[in-house]
Amino acid sequence: MSKTDAFETIVFNRSDGVATITLNRPEKLNSFNEAMHRDLRAAFDLIDGDSTIRATVITGAGRGFCAGQDLGDRDVGPDAPAPDLGQTLDTLYNPLIRRIRSLPMPVIAGINGVAAGAGCNIAIACDIVIAGSSASFIQAFCKIGLVPDSGGTWTLPRLIGWQRALGLAMLGDKVTAEQAVEWGMIWKMVPDEELQEHVGNLARHFASQPTMGLAQIKHAFNQSATNTLDQQLDLERDLQRQLGKSEDYREGVRAFVEKRKPVFKGR
């Protein structure tokens with residue numbers, strides 16, 4: 001059963017175990033304003049409260065994924081007081097990145113068109129990124145005298161290496177979808193006209209898989225960025241102990257022995 005919830009700046013749909021968030025300010029290339037942040041918080045609250053949701057998709061309406069912050073909301077005249085951009089990050093962008101990274105299920109980004117500034121870093125904060133062939137990624141911050149935010153200075157060098165990440169951050173060069181795949185910045189590129197089909201199929205696949213196991217894979221990879229090897233080995237032990245008691249593990253083993261397709265329930 002499909003259900004669409006009403007929001008001002010996003011379209012939020014729940015169907016077949018998948019929550020789909022579509023950024024919906026196409027006339028502004030889906031750039032962020034405070035209303036969009038409020039809508040996203042509310043959407044993630046709905047996801048957290050719905051036990052039937054086992055995968056989440058974030059994509060954009062129109063010809064772009066997200067152009068980052070709507071600078072019309074940040075226009076600073078010569079006599080105007082400087083904005084506190086740190087507060088903007090503290091209250092809006094940083095909680096969003098933490099929400100995406102901690103959501104106990106796969107989060108797929110479907111990138112149509114440009115992903116720039118915070119839009120780029122929100123995309124690569126997702127677990128799996130699939131881009132249409134005309135998509136592009138831009139660390140646009142240097143062009144207005146800022147540092148990459150929304151986790152970009154953490155995520156990007158871990159994905160593509162120090163030199164490439166620093167070069168993109170300091171030059172603001174455009175990265176094509178093809179180049180992003182070659183560099184390991186995203187998972188896959190598909191033809192533009194097939195993007196939504198590929199993203200939907202992957203999301204429905206994840207929604208049929210052992211959700212607890214996928215959530216703990218995500219958790220383990222998140223922890224590996226700061227853990228020592230010994231700490232990570234202990235974490236793997238603890239997670240394996242926990243998951244070995246799950247219904248999905250029991251079903252997976254039974255289905256393997258019985259040579260049939262498993263039916264996972266996310267428990």
K.L.:
Whether Arg267 and Asp248 form a salt bridge (side-chain N of Lys/Arg under 4.0 Å from carboxylate O of Asp/Glu) is what I want to check.
P.N.:
no
K.L.:
For Gln223, look at atom CD and say whether over 12 heavy atoms of other residues, nucleotides or ligands are found less than 6.0 Å away.
P.N.:
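More than 12 within 6.0 Å, yes.
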K.L.:
Are there over 12 heavy-atom neighbours, none belonging to Trp187, within less than 6.0 Å of that residue's CH2?
P.N.:
no
K.L.:
In terms of hydrophobic clusters joined by side-chain contacts under 4.5 Å, are Leu159 and Val107 together?
P.N.:
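As far as the 4.5 Å side-chain criterion goes, Val107 and Leu159 are connected within one cluster.
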K.L.:
Before giving the answer on side chain to side chain contact (heavy atoms under 4.5 Å, CB included), spell out for Asn227 and Leu235 the whole-Å C-alpha distance, their side-chain angles and the decisive distance to 0.1 Å.
P.N.:
CA-CA 9 Å; Asn227 275 354; Leu235 176 63; 4.1 Å; yes
K.L.:
For Glu251, is there an ion pair with Arg254 - N to carboxylate O distance below 4.0 angstrom?
P.N.:
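Between Glu251 and Arg254 there is a salt bridge, with a charged N closer than 4.0 Å to a carboxylate O.
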K.L.:
Kindly determine whether Ile111 and Phe65 satisfy side chain to side chain contact (heavy atoms under 4.5 Å, CB included), including the steps that lead there.
P.N.:
CA-CA 5 Å; Ile111 309 303; Phe65 173 72; 3.7 Å; yes
K.L.:
Using only heavy-atom distances, determine whether the side chains of Thr9 and Asn24 contain a donor-acceptor pair under 3.5 Å.
P.N.:
no
K.L.:
So do Phe137 and Met185 actually touch side chain to side chain, heavy atoms under 4.5 Å?
P.N.:
yes
K.L.:
Can you tell me if CZ on Arg63 sees more than 12 non-hydrogen neighbours from other groups inside 6.0 Å?
P.N.:
no
K.L.:
Can Arg158 be said to sit on top of Trp154's aromatic six-ring, NZ or CZ under 6.0 Å from centre and within 45° of the ring axis?
P.N.:
yes
K.L.:
Counting only heavy atoms not in Gln163, do more than 12 sit closer than 6.0 Å to its CD atom?
P.N.:
no
K.L.:
How about Ile122 and Phe32: do any of their side-chain heavy atoms sit closer than 4.5 Å?
P.N.:
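In short, these two side chains touch, coming nearer than 4.5 Å.
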K.L.:
Can you tell if the side chain of Met105 reaches within under 4.5 Å of the side chain of Ile47, non-hydrogen atoms only?
P.N.:
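With C-beta onward as the side chain, the pair touches.
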K.L.:
Any chance the side chains of Thr20 and Asn13 put a donor and an acceptor closer than 3.5 Å?
P.N.:
no
K.L.:
Please verify the inter-ring angle class for Phe7 with Phe12; under 30° counts as parallel, over 60° as perpendicular, anything in between as tilted.
P.N.:
perpendicular
K.L.:
Going through the checks in order, is the side chain to side chain contact (heavy atoms under 4.5 Å, CB included) test met by Ile10 and Thr22?
P.N.:
CA-CA 5 Å; Ile10 66 172; Thr22 304; over 6 Å; no
K.L.:
With a 4.5 Å cut-off on side-chain heavy atoms, are Ile186 and Ile130 touching?
P.N.:
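They are not in contact (no side-chain heavy atoms under 4.5 Å apart), so the answer is no.
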K.L.:
Is it the case that over 12 heavy atoms from other parts of the model lie below 6.0 angstrom from the NZ atom of Lys218?
P.N.:
yes
K.L.:
Can we say Arg25 and Asp39 salt-bridge, meaning some charged N sits less than 4.0 Å from an Asp/Glu carboxylate O?
P.N.:
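A salt bridge is absent here (no side-chain N lies under 4.0 Å from a carboxylate O).
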K.L.:
Decide whether Asn33 and Gln69 meet the rule of one side-chain donor and one side-chain acceptor closer than 3.5 Å.
P.N.:
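Not at all, the side chains of Asn33 and Gln69 share no donor-acceptor pair under 3.5 Å.
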K.L.:
Can Thr59 and Ile21 be said to form a side chain to side chain contact (heavy atoms under 4.5 Å, CB included), step by step?
P.N.:
CA-CA 6 Å; Thr59 191; Ile21 298 170; over 6 Å; no
K.L.:
For the residue pair Ile58 and Leu40, establish whether any side-chain heavy-atom pair is separated by less than 4.5 Å.
P.N.:
no
K.L.:
Are Gln139 and Asn121 close enough, and set up right, to give a side chain to side chain donor-acceptor pair (under 3.5 Å), and what steps lead you there?
P.N.:
CA-CA 8 Å; Gln139 295 291 329; Asn121 293 331; 2.7 Å; yes
K.L.:
Please report the shortest heavy-atom distance between Ala177 and Gly132, naming the atom on each side.
P.N.:
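Looking at all heavy atoms of both residues, the shortest contact is CB-O, 3.4 Å.
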